Amino acid sequence: MDERLELLWARQQIADKLFSYCRACDRLDEELMASLFWPDATAHHGPYRGSAEDFWRGALSFLGRIEAALHYASNVLIRVEGDFAHQEALFTAWHRVAAGPIPGGEVLAESAFSRHDESRAEDAVFCGRYINWFERRDGEWRIKRHICFTEWEYWMPASERSPAMARTLARRDRSDPVYWLPGGPDPLDTENRE
Amino acid sequence: MNALDEAALQAALDREAIHTVLMRYCRGVDRLDRDLIASVYHPDAYDHHGPSNMLGVKYADYLVVRLAELFDASQHRIANLSIDLRGDVAWTESYLHSFMNHADRIDEFVGRYIDRFERRDGEWKIGERWVVADFTRAMPVASRYASEGYFLKGRRDRQDQSYARAG
């Protein structure tokens, strides 16, 4: 492949994997998450240091115990050098946490979620950066090292659900619209079409 | 250029065209530009947008009136963009963070556009859209940033600086 296209292609693959990481967190998709990391990948995520797989299994288990999350990644900066690539992104991560203790929350003693005010439902908003080291093996780019840290956070009482929210199509499994495929059953009630 | 290069280049161009359409929509709704909003939809494209569920090109007419009534200013930001290219069809997910500014509060919407793009006559446009809310939040405004008046003010018409093409 032409060198310039090769570079363009690499950058697209890497950005795709970053956004897939966010999607996997937000839809609790283990299969997608597993496809993003090399088996020997490591993670340094907040207080956690260790294997990437142990990290993401723990993270998905935690995210499944709160009400919703959205991991928003912008300012994606990618530098490709041969089979290595360095990627940085700024993230804002929203987490909606119900009033009361987070189930299984005792393992969170060291984490930011220990600051949850149990008297109310809250939105915990973390702002920070993802730094991923990607490696290309047999033509495929995957994460070799995942580094994630928060630079600041804020906690706010959750707003009441607006009427629009009651109709949301968002799901945290494969019934979310992002997994709908052409030719499949149309999951929408189309009677309301004007 | 060999076949592999051609395919890679075409995929890059397709992705770029799709990204541009998404950006055009955001500018359209923030500047109340009816034509720009309408330009992102194919004529038979439906937009499933909360309680409204209508043809995109009709939705453009409705939106510019409704948005002007509802709040003073808005900003629609798109970050995460995942594109699943399948020939002349592409399924996309774009993460949306939007702000709607009222006199006393700011409404925040955190969600996603799920779009089926279609290429017809060489042009990528939305064939169907679903707007998905993951969070919403209303924040009271106690005070405004002191130097707000210092900057050029965003406008919701074609006098906005983004339309300027001279000096």
Side-chain angles (χ1 to χ4, degrees), chain A residues 1-2 4-6 8-9 11-12 15-16 18-23 26-27 67-76 89-92 94-96 123 125 156-172 176-182 187-194, chain B residues 1-13 15-16 46 48-55 58-59 62 77-86 89 91-97 105 107-116 118 127-139:
Chain A
M1 199 188 279
D2 180 293
R4 294 162 302 171
L5 287 171
E6 183 88 45
L8 202 55
W9 182 242
R11 294 172 61 89
Q12 287 185 351
D16 263 354
L18 167 68
F19 296 144
S20 293
Y21 169 83
C22 298
R23 180 188 288 174
D26 298 339
R27 306 300 134 223
E67 294 206 318
L70 205 80
H71 293 73
Y72 182 92
S74 66
N75 302 54
V76 181
L90 310 187
F91 72 79
T92 303
W94 287 266
H95 303 83
R96 178 146 297 178
D123 284 341
V125 187
M156 300 195 293
S159 298
E160 290 292 311
R161 285 168 78 89
S162 67
M165 278 299 287
R167 300 173 59 108
T168 182
L169 296 168
R171 298 289 179 275
R172 299 176 82 200
D176 185 89
V178 79
Y179 296 100
W180 296 352
L181 283 174
L188 275 185
D189 167 20
T190 51
E191 284 172 15
N192 296 329
R193 288 189 177 186
E194 287 177 15
Chain B
M1 208 181 263
N2 64 35
L4 196 62
D5 286 357
E6 282 292 352
L9 181 58
Q10 190 56 52
L13 292 170
R15 296 171 65 99
E16 193 56 35
Y46 270 87
H48 309 281
H49 212 116
S52 58
N53 191 15
M54 58 174 92
L55 278 175
K58 282 174 67 182
Y59 189 56
Y62 165 82
R77 303 173 172 194
I78 285 177
N80 312 32
L81 170 60
S82 303
I83 301 176
D84 180 5
L85 273 176
R86 294 163 179 242
V89 172
W91 289 78
T92 70
E93 177 189 44
S94 10
Y95 276 45
L96 168 69
H97 183 200
R105 68 173 205 281
D107 290 340
E108 242 184 303
F109 179 100
V110 181
R112 289 163 293 139
Y113 295 124
I114 312 286
D115 294 316
R116 187 187 68 245
E118 289 172 25
E128 192 155 6
R129 160 166 285 190
W130 296 268
V131 183
V132 181
D134 288 281
F135 287 77
T136 61
R137 190 166 61 190
M139 296 181 295

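Nothing here was measured: the structure is a model prediction, and the numbers come from that model. Throughout, a chain's letter reflects where its sequence line sits, starting with A, and its residues are numbered from 1.
- B:Arg112 and A:Ala170 make their closest contact through NH2-CB, 3.7 Å (heavy atoms, listed as atom of the first residue, atom of the second, distance).
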Step-by-step side-chain contact (heavy atoms from CB on, under 4.5 Å) determination, A:Arg96 to B:Val110: CA-CA 12 Å; A:Arg96 178 146 297 178; B:Val110 181; over 6 Å; no
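- Of all the listed residues (B:Met139, B:Glu93, B:Arg77), the one sharing the greatest number of non-hydrogen pairs under 4.5 Å with chain A is B:Glu93.
- Nearest heavy atoms, A:Phe19 versus B:Leu81: CD1-O, 3.1 Å.
- Using a distance-only test at 3.5 Å, with no hydrogens or angles considered, no donor-acceptor pair links the side chain of B:Asn80 to the main chain of A:Arg23.
- Atom CH2 of A:Trp9 has 12 or fewer heavy atoms from other residues, nucleotides or ligands within 6.0 Å.
- Per-residue counts of heavy-atom pairs under 4.5 Å with chain B were compared for A:Asp26, A:Leu18, A:Leu8, A:Asn75; the largest is that of A:Asp26.
- A salt bridge is absent between A:Arg172 and B:Asp134: the closest approach of a Lys/Arg side-chain nitrogen to an acidic carboxylate oxygen does not fall below 4.0 angstrom.
- Remark: B:Ala138 engages A:Ser159, B:Arg105, B:Asp107 in a side chain to side chain contact (heavy atoms under 4.5 Å, CB included) (not counting sequence neighbours).
- Residue contact with chain B, scored on non-hydrogen atoms closer than 4.5 Å, involves the backbone and the side chain of A:Asp2 alike.
- The aromatic rings of B:His97 and A:Trp94 sit perpendicular to each other, their planes meeting at more than 60°, with 30° as the lower class boundary.
- Put simply, CD on B:Gln10 and CG on A:Leu5 are 11.5 Å apart, with the number rounded to the nearest 0.5 Å.
- The two residues A:Tyr72 and B:Leu96 have their closest heavy-atom pair at CE1-C, 4.2 Å.
- Ranked by heavy-atom pairs under 4.5 Å with chain B, the first of A:Pro177, A:Ala15, A:Ser74 is A:Pro177.
- Here B:Asn2 pairs with B:Leu4, B:Asp5 under the side chain to side chain contact (heavy atoms under 4.5 Å, CB included) rule; sequence neighbours left out.
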